[in-house]
Amino acid sequence: MIGSVKGTRDLLPPETRVWGRVEETAREVFALHGFEEVRTPVLEPTELFVRTVGEATDIVHKEMYTFVDRGGRSVTLRPENTAGVARALVEHGLVQAAGVRKLWYAGPQFRYERPQKGRYREFRQIGAEVLGAADAATDAELLVMLFDFLGRLGFTGLAVSLNSVGTQECRPAFVEALRAYLEPFAGRMGDDDLRRLKDNPLRVLDTKDPAVKEVLPGAPQMVDHLDPASRAHHEELLALLSDAAIPFRIEPRLVRGLDYYTRTVFEVTAGGLGAQDALLGGGRYDRLVSDLGGPRTPGIGFAIGEDRLVDVLPQAFREEALASFAPVALVAIEPADRPSALALARTLRAAGISVDLDPAGKGPGAALKAAGKRGCRRAVLLGQREREAGTAVVKDLVERTQAEVPQAELTAYLKG
RNA sequence: GUGAGAGUAGCUCAGUCGGUAGAGCAUCGGACUGUGGCUCCGACGGUCGCGGGUUCGAACCCCGUCUCUCACCCCA
């Protein structure tokens with residue numbers, strides 16, 4: 001037997017109904033906020049991610065599916081989607097100084113990691129990006145949209161964790177201040193934190209080591225080292241979110257794993273996800289487009305881990321989605337009933353009723369049993385008697401009741 | 001890349017001291033040729049993840065390997 005590749009999985013019915021509903025909801029909500037869909041290739045030039053996500057990041061360093069294609073080009077299965085969206089906009093000349101682009105996407109991403117709860121090698125993200133707007137109001141509106149989406153899925157009690165990581169100009173000074181503060185404590189650090197201290201001291205703020213956590217409250221904070229413009233941006237965002245009643249937490253130690261973030265960064269965590277508890281993450285990336293050779297264009301976006309989202313989806317939304325697929329089973333009792341069954345199916349479908357046509361053969365008993373297992377809630381039976389009377393028997397498979405209905409009234413009966 | 005646990009029928013699992021494998025559910029057939037879910041009877045179904053070793057003999061012990069689960073790392 002050939003199994004699926006490690007860390008990938010098949011999504012099968014009825015679970016795919018839930019995924020479909022989540023994606024439909026995203027499409028609706030995002031459209032209400034003026035976002036349009038964008039689809040970019042799964043395969044991108046390796047250089048795209050090296051330049052944007054950052055050569056020193058774990059994603060680029062050890063998690064990418066990178067290979068040389070038959071033409072000798074180094075290509076990579078995208079580990080995230082923001083770089084691809086930015087690349088596409090630059091390539092097609094769609095970023096102009098004056099224009100604002102609001103886009104969303106949904107699709108598979110790939111990272112070569114050891115699978116565990118909430119983490120797969122192929123995973124799906126639903127994300128949105130705003131390019132061409134640098135103001136705090138844009139950040140706020142993006143988060144408003146995000147919470148509108150989460151709210152429609154039925155999530156309650158979620159809050160967004162917020163921080164500012166400053167800019168390329170003010171961050172180095174902070175990093176040095178942090179390093180200077182942490183170095184005296186190197187003696188109590190394990191190998192992981194020593195490596196972080198050397199390569200990327202910001203990551204030490206994320207440590208899980210209790211001995212190191214102990215000294216973090218005294219560490220310098222990024223918010224105290226922001227340049228005046230970044231500070232003003234941060235404070236304006238907090239005020240706007242308060243006004244909009246978006247639940248947020250200021251998280252001075254929040255850092256992100258992608259190099260391209262500037263100023264605003266955020267994430268939402270959720271219970272029930274195990275150790276990988278980040279449901280979504282995002283932030284501002286004011287240098288990304290220019291780093292790709294485009295005009296200087298600010299941007300901000302988020303990416304939701306769809307696998308994780310579905311994993312902790314509120315029960316009511318899940319149940320509604322599962323119940324949303326319930327075609328009417330149309331049973332031709334004898335082979336002679338097939339022509340009229342086909343014609344009737346066509347009429348019902350034209351009226352917007354989902355019809356699952358059962359093959360004649362094993363008798364109505366077997367057909368009804370099979371229909372119930374497929375999730376049909378109602379069945380329409382057609383046999384010689386009905387054919388002669390111009391009627392059909394409509395059976396409620398849940399209530400176990402039935403009624404004989406004139407075929408001319410069937411559409412109205414089934415819709416009513 | 002590191003660590004821990006697990007892999008037996010389609011699914012959930014049992015399998016004693018090492019003696020050539022079982023249950024429930026599901027599936028199929030029958031009781032029941034125009035009305036399902038309950039019940040009863042029967043059948044189908046396994047290279048015990050894979051490979052090697054120890055042994056007269058391995059689902060069971062040993063080694064390797066693959067996959068899954070969880071955690072580290074990292075992130076969505």
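Residue numbers start from 1 in every chain, and the chains themselves are labelled A, B, ... in the order their sequence lines are given, proteins ahead of strands.
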Quickly work out the [X] [atom1] to [N] [atom2] distance and round it to whole Å.
X: Lys395(A); N: rG37(B); atom1: NZ; atom2: C1'; result: 11 Å
X: Asp191(A); N: rG1(B); atom1: CG; atom2: P; result: 19 Å
X: Ile333(A); N: rG34(B); atom1: CD1; atom2: P; result: 8 Å
X: Arg385(A); N: rG34(B); atom1: CZ; atom2: P; result: 9 Å
X: Lys373(A); N: rU35(B); atom1: NZ; atom2: C1'; result: 15 Å
X: Leu279(A); N: rA76(B); atom1: CG; atom2: P; result: 12 Å

(Q) Do Arg287(A) and Tyr260(A) form a cation-pi contact, if we require the NZ or CZ to be under 6.0 Å from the six-membered ring centre and within 45 degrees of the ring's axis? (A)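 Negative - Arg287(A) is either too far from the ring of Tyr260(A) or too far off its axis.
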Looking only at atom [atom1], what distance separates [N] and [M], rounded to whole Å?
N: rA59(B); M: rU8(B); atom1: C1'; result: 7 Å
N: rC25(B); M: rC44(B); atom1: C1'; result: 15 Å
N: rG45(B); M: rG5(B); atom1: P; result: 37 Å
N: rA14(B); M: rC56(B); atom1: C1'; result: 28 Å
N: rC48(B); M: rG18(B); atom1: C1'; result: 15 Å

(Q) As a test of reading the structure: which of rU27(B), rU35(B), rG34(B) is closest to the side chain of Glu334(A), going by heavy atoms? (A)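 Selected nucleotide: rG34(B).
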(Q) If we count only N and O atoms by modelled type, under 3.5 Å, do the side chains of Asn81(A) and Thr40(A) hold a donor and an acceptor together? (A) yes
Q | Secondary-structure stems, RNA chain B, at least 3 Watson-Crick or G-U base pairs under 3.5 Å | A |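 If one scans RNA chain B for consecutive Watson-Crick or G-U pairs, the stems found are B:1-7 with B:66-72, B:10-13 with B:22-25, B:27-31 with B:39-43, B:49-53 with B:61-65.
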Q | Pairing of Arg27(A) and Glu23(A) as salt bridge, 4.0 angstrom limit | A |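 No salt bridge links Arg27(A) with Glu23(A).
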Q.
Between Arg152(A) and Asp148(A) (salt bridge meaning N to carboxylate O under 4.0 Å), is one present in this structure?
A. yes
Protein-nucleotides 66-73 of chain B N/O pairs under 3.5 Å:
unit_1, atom_1, unit_2, atom_2, d
rC68(B), OP1, Gly7(A), N, 3.1
rC70(B), OP2, Lys117(A), N, 2.8
rA71(B), OP1, Ala275(A), N, 2.8
rA71(B), OP2, Gln116(A), NE2, 3.1
rA71(B), N7, Gln116(A), OE1, 3.4
rC72(B), OP1, Lys208(A), NZ, 2.9
rC72(B), N4, Arg119(A), NH2, 3.1
rC73(B), OP2, Lys208(A), NZ, 3.3
rC73(B), N3, Arg119(A), NH1, 2.9
rC73(B), N4, Gln116(A), OE1, 3.3
rC73(B), N4, Arg119(A), NH1, 2.5
rC73(B), N4, Gln276(A), NE2, 3.2

